[in-house]
Amino acid sequence: MRKAYTLLEILIVVSIVAILAATGLGITAYVRGKIAETQTKTTLKLVEMAFQKFQQKNGTYPVSADSPYLAVDLSSCGSVDAFQQLWIGYFNDVTLPSDFPTTKTGLKIRGIRLEYTGGKYYILDGWNRRIFYLNPGVFNSESYDLISFGADALAGDGSGSTTDVNSFSANDFKSSSKYPQETGDDITNFTRN
């Protein structure tokens, strides 16, 4: 004769399964965050290497676009040579559309996420948000600043600032009330003292 499970035994099994599921979800979120952080750091390093090559050849760093985001506008490229003159031509492993310059969509750079919007390619961080590029830099006054707002999408450590990545401007980086002293989870090519 088979013994039926008691209510207590069923509750214990359900509790154990719930604890294991919660732990698994927490670990998954942690791993995703670390992957996004690593990808962002890699992207910034690839951009820095491309900018170093550009600076060695041209004596200066690429000019900032009219927005603070790191973007490439291929609309002025009428040939592969014109493309190579853009700073994006200094990356390794760049794939242009097969019928470039007729078609401007389809640019790929190995190791870098791109978003094509309004005729421009924006370089994205690991959270699929646009990276800020300031030249001249606010914090690296001799060169440029690269800034990702990190997992929380807030400037700095998020304290004292509710300004998120979608409403930030280049001038906001100069204001300590909008871009706090503590960088928090922001990933940058500079350190603040």
Side-chain angles (χ1 to χ4, degrees), residues 32-33 35-151 153-155 163-174 179 186-190:
R32 282 187 185 152
I35 289 170
E37 181 181 328
T38 301
Q39 183 166 18
T40 302
K41 289 177 181 179
T42 300
T43 298
L44 293 188
K45 286 294 177 197
L46 290 171
V47 170
E48 287 176 329
M49 289 188 311
F51 282 7
Q52 188 63 34
K53 290 178 190 175
F54 185 94
Q55 195 272 341
Q56 287 172 349
K57 183 174 182 185
N58 299 297
T60 184
Y61 293 103
V63 177
S64 288
D66 36 348
S67 78
Y69 298 112
L70 187 54
V72 180
D73 186 357
L74 294 184
S75 63
S76 62
C77 292
S79 68
V80 173
D81 289 337
F83 168 81
Q84 291 296 337
Q85 294 300 317
L86 279 176
W87 60 265
I88 204 160
Y90 294 88
F91 282 97
N92 297 329
D93 300 320
V94 176
T95 305
L96 286 168
S98 58
D99 57 348
F100 179 83
T102 306
T103 302
K104 306 289 188 197
T105 59
L107 176 70
K108 294 180 183 171
I109 306 171
R110 182 182 291 175
I112 294 182
R113 292 181 185 183
L114 298 171
E115 171 193 304
Y116 185 76
T117 305
K120 294 182 181 179
Y121 286 94
Y122 292 94
I123 294 184
L124 304 177
D125 63 12
W127 295 274
N128 289 323
R129 291 189 296 266
R130 296 173 183 175
I131 293 175
F132 287 93
Y133 172 57
L134 304 171
N135 179 12
V138 174
F139 307 103
N140 290 325
S141 57
E142 300 298 317
S143 60
Y144 57 88
D145 297 336
L146 295 171
I147 303 163
S148 163
F149 280 170
L154 294 173
T163 308
D164 69 17
V165 69
N166 296 316
S167 60
F168 223 72
S169 71
N171 286 333
D172 291 335
F173 288 103
K174 298 174 184 172
Y179 195 72
D186 293 4
I187 299 171
T188 66
N189 69 330
F190 59 85

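Residue indices begin at 1 and follow the sequence shown. Note that the structure is a prediction, hence the values are computed from the model and not measured.
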Q | Spacing of F132 atom CZ and F149 atom CZ [to the nearest 0.5 Å] | A | 4.5 Å
Q) Would you find a donor on one side and an acceptor on the other, under 3.5 Å apart, between the side chain of R113 and the backbone of G126? A) yes
Q.
How long is the straight-line distance from OG1 of T188 back to CG of N140, given to the nearest 0.5 Å?
A. 8.0 Å
Q.
Is there a side-chain contact (heavy atoms from CB on, under 4.5 Å) between V72 and W87? Walk through the geometry before answering.
A. CA-CA 8 Å; V72 180; W87 60 265; 3.4 Å; yes
Q: Check L134, I147, I131 against P68 for a side chain to side chain contact (heavy atoms under 4.5 Å, CB included) and give me the one that passes.
A: L134
Q: For this output row, return yes or no: ring centroids of Y133 and Y69 closer than 6.0 angstrom.
A: no
(Q) Run the side-chain contact (heavy atoms from CB on, under 4.5 Å) test on Y90 and Q84 for me, step by step, so that the C-alpha distance in whole Å, both residues' side-chain angles and the decisive distance to 0.1 Å come before the verdict. (A) CA-CA 7 Å; Y90 294 88; Q84 291 296 337; over 6 Å; no
**Q.** Distance in Å, N128 CG paired with T40 OG1, rounded so as to fall on 0.5 Å steps
**A.** 9.0 Å
Q) So, for P136 and S141, which heavy atoms are closest and what is the spacing to 0.1 Å? A) CB-O, 4.3 Å
**Q.** D73 (side chain) donor-acceptor with K120 (main chain) under 3.5 angstrom
**A.** no
Q | CZ on F51 to CD on Q56, rounded to 0.5 Å | A | 14.0 Å
Q. Counting only heavy atoms not in E142, do more than 12 fall under 6.0 Å of its CD?
A. no
(Q) Check whether N135 reaches the backbone of P62 with its side chain - one donor and one acceptor, N or O, closer than 3.5 Å. (A) yes
**Q.** Closest non-hydrogen atom pair between F83 and I88, with its separation
**A.** CE1-CG2, 3.3 Å
Q | Which atom of F190 lies closest to which atom of L146, heavy atoms considered | A | CE2-O, 4.1 Å
Q. Counting N and O atoms only, with roles assigned by atom type, does the side chain of Y121 sit under 3.5 Å from a partner on the main chain of L107, one being a donor and the other an acceptor?
A. yes
Q | Gap separating the OG1 atom of T43 from the CG atom of L70, nearest 0.5 angstrom | A | 10.0 Å
Q. So how far is it from I187 CD1 to D125 CG, rounded to the nearest 0.5 Å?
A. 7.0 Å
